[in-house]
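Throughout, protein chains are lettered first and strands after them, A, B, ... in sequence-line order, and every chain is numbered starting at 1.
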Amino acid sequence: MIEENTDIGSVGFNGNTPQLRSLAVVTTLLTLVTLGIYRFWARTRLRRYFWSAVTLDGHGFEYTGKGIEKLIGFLIAVAVLAIYLGTFQVAFSFAGMSLFEAVDSDGDQIRGVLLTYATFLFLAPLIFYAQYRARRYMLSRTKWKGIRFGADQAAWGYAIRAIGHWMLTFLTLGILLPRQTFYLEKYKADRTWFGTAQFVQEGRWQSLYPAMKHIIMGFAITVIGGAMMSMLFWTGSLEGDTAGIDIAIAVLAGSMIFIGTVWFYIGFAYYNVHSHRILTRNKTLGSNIHFTSEPRTARIIGIYLLGGLIISLLAPIIAGLIGGILGVLSSQILSGVDVGLGETPAGVGVGIVLGYITLFVVLAVLSLIFIKQPIIEHFAQVTTVHNAEELDEIEQREGDQMIEAEGFADALDVGTGF
Amino acid sequence: MVDDLQPPTNVFYDGKSARVHSVDVACSDLSLLISGPTLKEPVEWAYSDMRNVADVASEKGASFRVMDGLGRLNISDEDLIIRLKKLALNLNKSDIPANMWKRISIWGAGAIVSVFAIIFVIIPSFANQLATWIPVEREIALGRVSLNQIERLLSYGDDTNLTCKGQKGQAALDKMTTRLEDFINSPYPLDVKVFNHEMPNAFAVPGGHIVLFDGLIQAADSPEEVAAVLGHEMGHVFNRDPTRLALRSAGSVGILGMVFGDFAGGAVALVIAEQLISASYSKDAEANADVFAHMLMANAELPSAPMAKFFGKLYAEYGDGPEFLSHLASHPDLIGRAKAAENADTIGDDPFDAILSDTEWNDLRQFCANTAKDG
């Protein structure tokens, strides 16, 4: 654990789990109590914590966003989006109903799929626009050594390119995925600033193909398994002389489909991690500042699996205990008081409600502690800045007002995870 | 964390360049003086303008800033921090500019107006228009699907067929339907069924499918009471209410999801808001269906007073409370509806040609019981 690198440019993480725990409990409870209004402040405070926990050369990052600006941004987005989304959804359910023919017909299913894609095309520009703006907001509210990050105003340009790349990837059955990843990242990176210094994404999109190898492998295994299975169905029954061999082939094909599918999904995690590595290696800031970031797929999958396991074991126990204790307490307080819960002993009802609320709080808190924090810690530990001494030469940049903050991403529920 | 990694005691970021200043800090009466060898000139922070940098993840030290300023001062000397906290009294005070509240009220009002306009004006009128454009055969097919789903749901997934069957019962039901139907020009062929379920309920789904529950038939004292409910459901069919409501709720659910976000409290708020909106949507629909039912009864030379009696009975038994969560009672004012039915009665104490004979009424009441026996 203590293999600190005191070289210049080393990224560190000094998270403090008890502090995160109390911050998470307080913010989640306040969010519940205020029917969600506090969520803007909750997100702000958690970001402040995580930003400051990540250090470069011992200096923590700082998040300067405010809850109030997120609330205003959200109100703006609701005012603008309500009309668009409302009419659009009625129109699409109308289209769905008008195209509908009968139960379980193939035609209906195909039309349903096409309609889903059409829905996506209507929403997609907004989603990409919102994602770019959320990123720009987040950068403009991030500081290191008192210097702001920033991004250029280019959300519509990003949305158009994102749709183009997604369509191209879709039409080429995923073969051009690296091209999409590279050019979208380049579009964003080339418009990103730290103070007066600009980031540049260099390199070639073809260099991302090695990162795709496990996706291709998983796909190939699944396809071969599927081909074997369908051949078996076409060539005849599982009877007669060759029954034994046929069954063996069926088992083999079945396990290939299963293994291939799992491989395929892990392949996506591998792709995300390794394309991140390659893209980071080819980024520069200013004249000569370079980066490496080498996260490991196995570690990330491990954090999710272990964290998920811990959460699913702990959450019901903690929620049940707290709910039970509060239920018993409240039944003693409420005994003799008719609270209109009918025949149910008041304590049981109150206990169930409190247990339910507690479960949400516990889930939110545990996922911050056992998933988000370890992931951020891992990324911090594997990241290094080269020629970091040149960072000292960088000057402050103008602030970015952005009164609508990340409101659109918030209203559309995309890309505000942190 | 390892101790020797801590930066020097007081670190100052000037907010102009990324150079770090190692500084001395001196406290005067009204302000803090920050000076150091690398600073061109000392920086003075008035205590009243000083603020905390909150929620910082570190065990030691504290970070300070000044209102509207870009500089940051990190202090790890605990004694100095305690002294500063006594001197600078506004450290935890908010520094939101006054015009923020104006902005919030303007955009808050804008958001509320926009959401209300879309939910209560634009979506309903849009949905009403679109509902008339959906081809009838599509609506019939859609209705059949949702009818199957409801049937499966009501039988708790037993996959049992709830629809009651039998020649005599069906004949009685058809007779009742025909006498009322004679006077309307339904957009769809009517498909009336009885479900073997003890709830006193009835509903209509898109495409002219109407379902009466056996519980409702058993709760009624006369065939006219059942006929009035059937007339009410026919009103929904005639007005295309199920289709219009489906389109409306598709629109409003999306907007509500956006407003409340996805968290525990939000899910609850969403369900409550959706209930309130659909209740307000259906309030008019229910009243119109009642009026339609009165009209059918009058045209068929039947009294609508039994409808009033039936509502009164349901009220006595279930009240307006949540126990009676049926489609019929989504307009909860049963007493008011009973009065309206009373007033609409055109027969009074005069004799009338009963909609079903005693034998037929008995057949209808035994419809489901006989089905169960046969099955």
Asks: So for A/Thr64, is it side chain, backbone, both, or neither that comes closer than 4.5 Å to the heavy atoms of chain B?
Replies: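 For A/Thr64, the contact with chain B is made by the side chain alone.
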Asks: Do you know which of B/Thr243, B/Leu245, B/Leu247 makes side chain to side chain contact (heavy atoms under 4.5 Å, CB included) with B/Pro206?
Replies: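 Testing B/Pro206 for a side chain to side chain contact (heavy atoms under 4.5 Å, CB included) against B/Thr243, B/Leu245, B/Leu247 leaves exactly one candidate, B/Thr243.
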Asks: Less than 4.5 Å apart, any side-chain heavy atom of B/Leu130 and any of A/Val90?
Replies: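 Heavy-atom side-chain distance check passes, below 4.5 Å.
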Asks: For chain B, find which of A/Leu81, A/Leu412, A/Ile68, A/Ile394 contributes the most heavy-atom pairs closer than 4.5 angstrom.
Replies: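 Ranked by heavy-atom pairs under 4.5 Å with chain B, first place is A/Ile68.
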Asks: Less than 4.5 Å to any heavy atom of chain A: does that hold for the side chain of B/Val53, its backbone, both, or neither?
Replies: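 It is the side chain, since no backbone atom gets that close.
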Asks: Could you check, using the six-membered ring where one of them is a Trp, whether A/Phe61 and A/Trp51 have ring centers closer than 6.0 angstrom?
Replies: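 Ring centres of A/Trp51 and A/Phe61 not closer than 6.0 Å.
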Asks: Answer with side chain, backbone, both or neither: which region of B/Arg19 has an atom nearer than 4.5 Å to a non-hydrogen atom of chain A?
Replies: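 The answer is both parts of B/Arg19.
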Asks: Is chain A contacted by the side chain of B/Ile134, its backbone, both, or neither, given a heavy-atom distance below 4.5 Å?
Replies: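 For B/Ile134, backbone and side chain are both near chain A.
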Asks: Mind ranking B/Arg103, B/Arg65, B/Lys16 by heavy-atom pairs under 4.5 Å with chain A and telling me who comes out on top?
Replies: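 Winner by heavy-atom pair count: B/Lys16.
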Asks: What part of A/Arg148 lies closer than 4.5 angstrom to a heavy atom of chain B: side chain, backbone, both or neither?
Replies: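 Just its side chain gets close to chain B.
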Asks: Could you walk me through whether A/Gln373 and A/Tyr49 pass the side-chain hydrogen bond (donor to acceptor under 3.5 Å, both in side chains) test, one step at a time?
Replies: CA-CA 10 Å; A/Gln373 172 140 302; A/Tyr49 166 83; 2.9 Å; yes
Asks: Under a 4.5 Å heavy-atom cutoff, which of A/Leu391, A/Leu85, A/Leu359, A/Thr87 has the most pairs with chain B?
Replies: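 Result: the option with the highest number of such pairs is A/Thr87.
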Asks: Could you have a look at A/Lys66, A/Glu393, A/Glu69, A/Glu62 and say which one has the most heavy-atom pairs with chain B under 4.5 angstrom?
Replies: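 Most heavy-atom pairs within the cutoff with chain B belong to A/Glu62.
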Asks: Determine, stepwise, if the pair A/Tyr63 / A/Arg47 fulfils side-chain hydrogen bond (donor to acceptor under 3.5 Å, both in side chains).
Replies: CA-CA 6 Å; A/Tyr63 180 72; A/Arg47 279 184 196 168; 2.8 Å; yes
Asks: Can you classify the ring geometry of B/Trp133 versus A/Phe94 as parallel (below 30°), tilted (30 to 60°) or perpendicular (above 60°)?
Replies: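 Geometry flag for A/Phe94 against B/Trp133: perpendicular rings.
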Asks: Angle class for the A/His59/A/Trp144 ring planes (parallel below 30°, perpendicular above 60°, tilted otherwise)?
Replies: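 The rings of A/His59 and A/Trp144 stand perpendicular, inter-plane angle above 60°.
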Asks: Would you say A/Tyr84 has more than 12 foreign heavy atoms packed within less than 6.0 Å of its OH?
Replies: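 Yes, enclosed.
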Asks: Count the heavy-atom pairs under 4.5 Å between each of A/Ile76, A/Ile147, A/Val361, A/Leu363 and chain B, then report the option with the highest count.
Replies: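 Of the candidates given, the most pairs with chain B belong to A/Ile76.
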Asks: Between B/Gly110, B/Ala127, B/Ala54, which shows the greatest number of heavy-atom pairs under 4.5 Å with chain A?
Replies: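 So the answer, after comparing B/Gly110, B/Ala127, B/Ala54, is B/Ala54.
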Asks: Given a strict heavy-atom distance threshold of 4.5 Å, which part of A/Ala91 is in contact with chain B: side chain, backbone, both, or neither?
Replies: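 Looking at A/Ala91, backbone and side chain both touch chain B.
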Asks: So for A/Leu71, is it side chain, backbone, both, or neither that comes closer than 4.5 Å to the heavy atoms of chain B?
Replies: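 Interface part for A/Leu71: side chain.
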Asks: A/Phe122 vs A/Phe92 aromatic rings, parallel, tilted or perpendicular, using cut-offs 30° and 60°?
Replies: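 Judged by the thresholds at 30° and 60°, the geometry between A/Phe122 and A/Phe92 is perpendicular.
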Asks: Which residue out of A/Ile403, A/Val54, A/Leu20 racks up the most heavy-atom pairs below 4.5 Å with chain B?
Replies: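 Counting heavy-atom pairs under 4.5 Å, the top option is A/Ile403.
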